[in-house]
2 protein chains.
Amino acid sequence: MTTRRKSPVETEAIQPQMCSVDVRQHILRHVPFFAMLSEEDIGRINQSFREQGFEAGEPIYYAGDPAARLYVVAAGKVKQMRHSLTGQDVLLDILSEGDFFGSLSILGDETYPDTVLAQTGICALSIDSEGFREILQAYPPVALEVLNITGQRLRGAQEAVHQLSAYSVEQRLAYTLLKLMDKLGEAQEVGVLIQMPLSRDDLAAMTGATTETISRIMSQFQKAGWIKSGRQWVAIRDSEALREVAAGG
Amino acid sequence: MTTRRKSPVETEAIQPQMCSVDVRQHILRHVPFFAMLSEEDIGRINQSFREQGFEAGEPIYYAGDPAARLYVVAAGKVKQMRHSLTGQDVLLDILSEGDFFGSLSILGDETYPDTVLAQTGICALSIDSEGFREILQAYPPVALEVLNITGQRLRGAQEAVHQLSAYSVEQRLAYTLLKLMDKLGEAQEVGVLIQMPLSRDDLAAMTGATTETISRIMSQFQKAGWIKSGRQWVAIRDSEALREVAAGG
DNA sequence: GTAATTACATGATCTGGCGCAATTAATCGC
DNA sequence: GCGATTAATTGCGCCAGATCATGTAATTAC
């Protein structure tokens with residue numbers, strides 16, 4: 001008899017979220033690229049943003065929609081995805097509090113290349129692209145920080161290309177779990193829990209594999225005692241072992 | 001008897017390049033993110049750059065080297081690559097005149113995550129990261145344009161992730177040839193020639209496939225009359241057919 | 001509560017593309 | 001010009017991982 005858990009350890013912490021109007025200023029102050037601004041500058045910027053709540057599973061926008069706005073995740077997690085004609089979806093990134101997504105450029109006639117879905121209940125702040133451009137022009141240090149972050153994401157995406165081109169599904173899965181742990185991990189009795197609902201399907205879409213293959217490898221990892229996992233949740237128990245697998249053990 | 005060509009149509013146009021000192025100002029003026037500056041601003045910026053020539057095949061830097069400088073391709077083409085422990089190399093991007101690469105951030109203790117090799121003889125202008133940061137701070141419109149370009153590259157990399165996750169080698173190859181045609185294509189009698197030395201190995205490293213598989217598919221494409229290709233060169237004759245293949249025909 | 005639905009597991013089979021090998025063609029070095 | 005080197009082609013066996021199929025545990029709907 002396997003020690004498979006019957007109930008998720010922690011989805012209670014992830015409830016549908018709405019922004020209370022009062023906390024917007026507080027949230028904006030903690031967005032990495034606004035952190036260096038004064039309270040009154042943030043107050044000014046605050047006026048250009050509007051808030052919006054989304055239920056878990058709801059789309060923020062679809063690929064092909066006219067790209068008009070830039071969003072900042074205030075609370076919760078979203079999935080950035082790309083669709084294929086074959087129906088196979090690819091999960092490019094998971095974004096959480098303080099991350100931005102949507103349209104950076106001011107070219108009006110563009111459409112979003114990706115779809116963004118609320119993975120948990122979320123609160124998002126958004127601003128139209130021109131408004132954001134104005135902020136970038138008015139506060140050059142903000143632009144530099146946004147550039148920094150975009151550069152880091154570019155490197156991350158290039159690393160993903162590398163992984164998909166050169167490594168096995170097992171290695172990619174190990175790597176993906178480690179990245180998720182770094183970003184969303186929370187120490188618990190079961191291990192370091194990845195603090196969000198995370199299905200085999202999600203992991204398959206993140207690693208460019210099928211659900212079945214991911215399920216098989218997750219079973220192996222679990223048997224080896226490296227992870228503990230149930231329905232829509234994963235905790236890492238031996239990150240060192242995963243690191244070895246990812247590196248080509 | 002196949003109509004395989006015995007000699008490349010156009011590598012004569014790609015000779016080892018050195019920058020003459022005189023042309024630097026001219027080159028900088030045509031770099032996209034400096035285009036909006038005045039002649040005298042460019043002159044000031046010019047002083048922070050230094051030039052360097054590289055022979056075809058020479059490395060500009062290796063992954064793991066301390067990341068200290070930002071480069072701009074003044075003439076020629078370079079390959080941006082990532083290595084794997086298994087020896088399998090991945091070709092992330094081909095950069096040509098006006099493109100930048102290297103270190104954007106000012107964090108001193110970093111190393112380059114990629115290797116950049118001169119694909120042809122090239123001339124590169126370079127500046128230390130702090131110097132570039134100072135320029136970005138001094139000329140905010142430059143920072144915005146660099147952000148624009150970085151954002152576009154991020155989308156390109158995400159599209160590559162999508163392709164690798166969801167499409168066949170045949171589709172990825174068709175897509176890659178089309179992108180190269182858009183970037184480097186030059187109308188010739190044989191078709192639209194991709195104006196750089198481009199081997200099956202290069203295409204394999206760009207598509208995450210093996211040389212043999214690429215060779216086989218290139219033969220198919222050639223038999224179908226969609227491309228014409230020889231030793232280190234490729235010309236596209238029917239881009240519409242390739243587009244159909246890429247889209248899932 | 002019970003039925004319907006959704007997430008996960010695992011076995012059996014099939015295949016796109018890899019790995020290896022042998023041959024041919026173009027280019028380089030002297 | 002001629003051998004040495006590098007690029008490309010093509011055949012063949014094989015395997016990682018996809019696909020298909022079936023079963024079961026957890027969750028949702030009522």
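Only a predicted model underlies this, so the values are computations on that prediction, with no experimental measurement involved. In the text below, chain A, chain B and the rest are named by the order of the sequence lines, each starting its count at 1.
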Would you call A:Asp93-A:Lys77 a salt bridge at under 4.0 Å N-O?
no
Answer yes when A:Arg82 and B:Glu159 have at least one side-chain N-carboxylate O distance shorter than 4.0 Å, and no when they do not.
yes
Checking side chain to side chain contact (heavy atoms under 4.5 Å, CB included) against A:Thr211, which of A:Leu203, A:Asp201, A:Asp202 comes through?
A:Asp201
Roughly how many Å is it from CG in A:Leu203 to C1' in C:dA9, rounded to a whole number?
15 Å
Stem ranges of DNA chain D by first residue number, counting only runs of at least 3 Watson-Crick or G-U pairs under 3.5 Å, come to C:1-30 with D:1-30
Validate the cation-pi geometry between B:Arg69 and B:Phe100: distance from NZ or CZ to the six-membered ring centre under 6.0 Å, angle to the ring axis within 45°.
no
Check whether any side-chain heavy atom of A:Val245 lies under 4.5 Å from a side-chain heavy atom of A:Trp226, and answer yes or no.
yes
For the pair made of NZ in B:Lys223 and P in D:dA8, what is the distance, rounded to whole Å?
16 Å
In whole angstroms, the gap separating C1' of C:dG16 from OH of B:Tyr167 amounts to 18 Å
SB check B:Arg155 A:Glu110 (cutoff 4.0 Å)
yes
By side-chain contact (heavy atoms from CB on, under 4.5 Å) - contacts of B:Ala166 (at least two apart)
A:Ser84, A:Gln88, A:Val90, B:His162
Integer-rounded Å distance: D:dT9 C1' and B:Ile227 CD1:
13 Å
Between C1' on C:dC8 and CG on A:Leu173, what's the gap in Å once rounded to a whole number?
14 Å
Should we say atom NZ of A:Lys179 is surrounded by more than 12 heavy atoms from elsewhere, each under 6.0 Å from it?
no
Nearest whole Å is fine: how far is C:dA26 C1' from B:Arg200 CZ?
13 Å
Identify, residue by residue, the members of residues 204-218 of chain A with a heavy atom below 4.0 Å from DNA chain D, and return them in order of residue number, or none.
A:Gly208, A:Ala209, A:Thr210, A:Glu212, A:Thr213, A:Arg216
Can you tell me how the ring of A:Tyr62 sits relative to the ring of A:His83, calling it parallel under 30°, perpendicular over 60° and tilted otherwise?
tilted
When the distance from CD of B:Gln222 to C1' of D:dA7 is rounded to whole Å, what number comes out?
14 Å
With the side chain of A:Arg231 defined as its heavy atoms from C-beta on, choose the nearest nucleotide among C:dA7, C:dA25, C:dT10.
C:dA7
May I have the distance from A:Gln88 (atom CD) to D:dG17 (atom P), rounded to whole angstrom?
14 Å
